[in-house]
Amino acid sequence: MTFVQNFTVVGDNLALTAIVALIPILYFFWALAIKRMKGYIAGATTLLLTLVLAVFAFKMPVVTAVMSATQGAVYGVLPIGWIIITSVFLYKLTVKTGQFDIIRSSVLSITEDRRIQALLIAFSFGAFLEGAAGFGAPVAISAALLVGLGFNPLYAAGLCLIANTAPVAFGAIGIPIIAMEGPTGIPATEVSKMVGRQLPFLSAFIPFYLIVMMTGFKKAFEVMPAILVSGLTFAITQYLSSNFLGPELPDILSALVSLFALAIFMKFWKPKTIYRFSAEHEIAATTATTLTTTTSKQKHNSYTSGQIFKAWSPFLILTGFISIWGIPTIKLALSGHYEGTNAILKTINSLGHFLTFTPEVPWLHNKVIGASGEPIAAIYKLEILGAAGTAILLAAIVTKYIVSISWRDWALTFGETVNELKYPIITIATVVGYAYVTNASGMTTTLGMVLAKTGALFPFFAPVLGWLGVFITGSDTSANLLFAKLQQVTATSIGMDPVLALAANSSGGVTGKMISPQSIAVACAAVGLAGKESDLFRFTIKHSLFLLLLICIITFLQSNILAWMIP
């Protein structure tokens with residue numbers, strides 16, 4: 001049975017139909033922000049509500065609606081869930097084997113100046129964790145490290161949340177960008193390029209912004225050389241990697257370059273004064289900080305260069321595998337689409353073809369007629385060998401031999417990781433399922449038609465959608481899945497480049513991360529401020545709004561005056 005999307009199905013009125021289409025989004029906001037449901041429960045109930053509306057309000061056949069949900073759920077598990085599982089697994093291997101302690105020690109021992117410590121830990125090291133693991137680890141770990149050094153807990157949590165703005169769009173091996181390719185059909189590499197022409201401006205600014213927050217303008221200018229090294233190396237690497245390598249590596253590469261550039265720079269340059277917190281704010285912490293820093297240095301000095309290199313090597317290997325997986329020709333072979341004559345690539349192509357499954361979605365493939373009047377193809381896209389998560393798993397296998405962990409413990413760690421992430425994976429699967437149902441039923445297109453009435457002002461407000469989505473879901477990935485199709489449809493209808501709209505959703509979303517209830521809860525728990533979430537929210541909200549405004553202005557300019565920046 002063929003289903004034709006109808007955008008005035010409620011009362012023959014576009015506005016009324018849009019209100020009905022908005023109900024699942026409003027419910028999802030309410031479920032998380034007000035009712036504070038667990039993510040997987042909010043996702044599942046939102047999906048159920050969406051299915052009901054699709055069937056009864058938008059007149060979609062039941063079987064068509066259900067199958068569209070299964071298509072989204074499958075995409076939520078592979079490649080999205082697979083990336084999250086393997087990246088967190090690799091991170092946990094370094095923790096289990098003690099290598100992460102060496103990594104942490106090598107970061108903490110570089111300087112006693114609080115401003116530089118904030119740049120190294122909150123900005124660079126936090127970005128590295130965001131790229132390698134994501135999922136709350138960056139803020140939790142970096143904030144705890146700062147508190148261990150003597151930072152005020154509220155400030156430590158706030159600084160790390162704000163610093164996390166720079167890497168979120170490319171977090172967890174680029175999954176927020178990769179996730180948009182499924183529902184929109186726009187290549188993730190194109191969105192990556194555009195985000196890489198927006199966020200670097202913010203990334204270069206964040207280090208200066210952090211230090212001004214900590215100390216004021218005068219003391220920030222005292223360490224301006226270090227700020228410039230930290231911010232510019234990060235921003236430049238972020239631009240280059242996002243535009244020439246893809247969405248998987250910008251965080252890891254930018255963080256490593258920024259981290260090592262600043263560490264090396266500190267060997268040749270020192271601030272005139274060592275900044276420590278004032279006595280009235282940190283009476284007891286000054287002595288504790290000195291002792292902590294000294295202890296950290298002594299511990300670091302006990303490690304050889306070889307030990308430090310070994311500790312960092314799992315993530316260096318990860319970078320290598322992801323880089324190989326991102327090479328276009330190899331990527332084709334891994335997915336079974338290589339047509340060249342190279343013998344090695346032909347062998348890989350055979351394996352890739354064997355491990356790639358693209359069955360049609362029954363009762364859905366070419367059964368939905370969209371706004372263009374053409375049937376919409378629907379397939380389950382399962383590229384097992386070509387998935388970025390498989391590259392990360394291979395890095396974890398190599399890491400097994402580097403860190404000398406037994407296969408038994410390796411497997412147990414993997415099992416623990418899957419068990420810990422089962423509910424987040426369910427959340428992602430249901431949210432993606434919801435996104436696919438709204439797309440197939442015409443709900444998203446209906447909302448896009450209404451939003452398109454903002455006309456020339458839409459490019460300014462496009463990032464706000466991402467900001468709201470991340471505020472509610474706590475995830476740039478979830479926000480992109482929720483609103484990617486909406487951004488695409490609206491942009492196309494008003495003549496805005498849809499790649500810019502998708503990038504604006506992700507870039508705007510990063511500024512909402514610092515005020516999302518989930519992020520604030522994680523940060524407060526990490527620094528011992530459970531029950532003080534409202535204090536941290538009040539600390540971060542003004543910074544979130546200010547940074548969002550910057551992204552809105554950048555997007556508006558790129559849509560009009562600076563259109564040459566769009567790839």
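When reading the values below, keep in mind they use all heavy atoms of this one structure, side chains included, and skip hydrogens, waters and symmetry mates.
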Review point. Counting only N and O atoms by type, is there a donor-acceptor contact under 3.5 Å from the side chain of Ser258 to the main-chain atoms of Phe234?
Key: no
Study note, to complete from the structure: Rounded to the nearest 0.5 angstrom, the CE-CG distance for Met496 and Asn560 is 9.0 Å
Review point. Does Ser559 use its side chain to pair, donor to acceptor, with the backbone of Phe556 at less than 3.5 Å?
Key: no
Check your understanding: Taking the side chain from Gln5 and the backbone from Ala440, do they hold a donor-acceptor pair closer than 3.5 Å?
Key -> yes
Review point. Within the side chain of Gln487, is there an N or O that forms a donor-acceptor pair under 3.5 Å with the backbone of Pro498?
Key: no
Practice item. Please check if the side chain of Thr356 supplies one atom and the backbone of His353 the other of a donor-acceptor pair under 3.5 Å. Key: no
Check your understanding: With distance as the sole test, does Ser350 use its side chain to make a donor-acceptor pair with the main-chain N or O of Lys346 at under 3.5 Å?
Key -> yes
Revision key, fill the gap. By side-chain hydrogen bond (donor to acceptor under 3.5 Å, both in side chains), Asn164 pairs with (sequence neighbours left out) Glu130
Check your understanding: Are Glu416 and Asn419 close enough that some pair of their side-chain heavy atoms sits under 4.5 Å apart?
Key -> no
Review point. Hey, mind stepping through Thr50 and Tyr27 against side chain to side chain donor-acceptor pair (under 3.5 Å) and telling me if it holds?
Key: CA-CA 10 Å; Thr50 306; Tyr27 170 79; over 6 Å; no
Review point. Given Thr444 and Thr438, is the side chain to side chain donor-acceptor pair (under 3.5 Å) satisfied, shown in steps?
Key: CA-CA 6 Å; Thr444 301; Thr438 57; 3.2 Å; yes
Review point. With no hydrogens and no angle check, is any side-chain donor or acceptor of Ser254 less than 3.5 Å from a backbone partner on Asp251?
Key: no
Review point. Is the side chain of Ser506 donor-acceptor paired with the backbone N or O of Ala503 at a distance under 3.5 Å, no angle test?
Key: no
Practice item. Name the orientation class of the two ring planes belonging to Trp82 and Phe414 (parallel below 30°, tilted from 30 to 60°, perpendicular beyond 60°). Key: perpendicular
Review point. When you measure from the side chain of Trp325 to the backbone N and O of Leu385, does any donor-acceptor pair fall under 3.5 Å?
Key: yes
Practice item. Apply side chain to side chain donor-acceptor pair (under 3.5 Å) to the pair Gln488 and Thr184, showing each step before the final yes or no. Key: CA-CA 7 Å; Gln488 181 188 30; Thr184 66; 4.9 Å; no
Revision key, fill the gap. The side chain to side chain contact (heavy atoms under 4.5 Å, CB included) partner of Thr413 among Lys92, Lys400, Arg408 is Lys92
Review point. Can Phe89 and Trp410 be said to form a ring pair (Phe, Tyr, Trp, His ring centres under 6.0 Å), step by step?
Key: CA-CA 9 Å; Phe89 171 52; Trp410 188 93; 5.0 Å; yes
Exercise for review: Evaluate the side-chain contact (heavy atoms from CB on, under 4.5 Å) criterion for residues Val510 and Val470: first the C-alpha distance (whole Å), next the side-chain angles of each, then the deciding distance (0.1 Å), finally the verdict.
Suggested key: CA-CA 7 Å; Val510 305; Val470 176; over 6 Å; no
Study note, to complete from the structure: Residues at least two apart in sequence or cross-chain that pass ring pair (Phe, Tyr, Trp, His ring centres under 6.0 Å) with Phe7, listed by chain then number, are none
Review point. Any donor-acceptor pair under 3.5 Å linking the side chain of Asn349 with the backbone of Tyr338?
Key: yes
Practice item. Starting from the C-alpha separation in whole Å, work towards a yes-or-no answer on side chain to side chain donor-acceptor pair (under 3.5 Å) for Tyr380 and Thr70. Key: CA-CA 9 Å; Tyr380 294 117; Thr70 66; 2.7 Å; yes
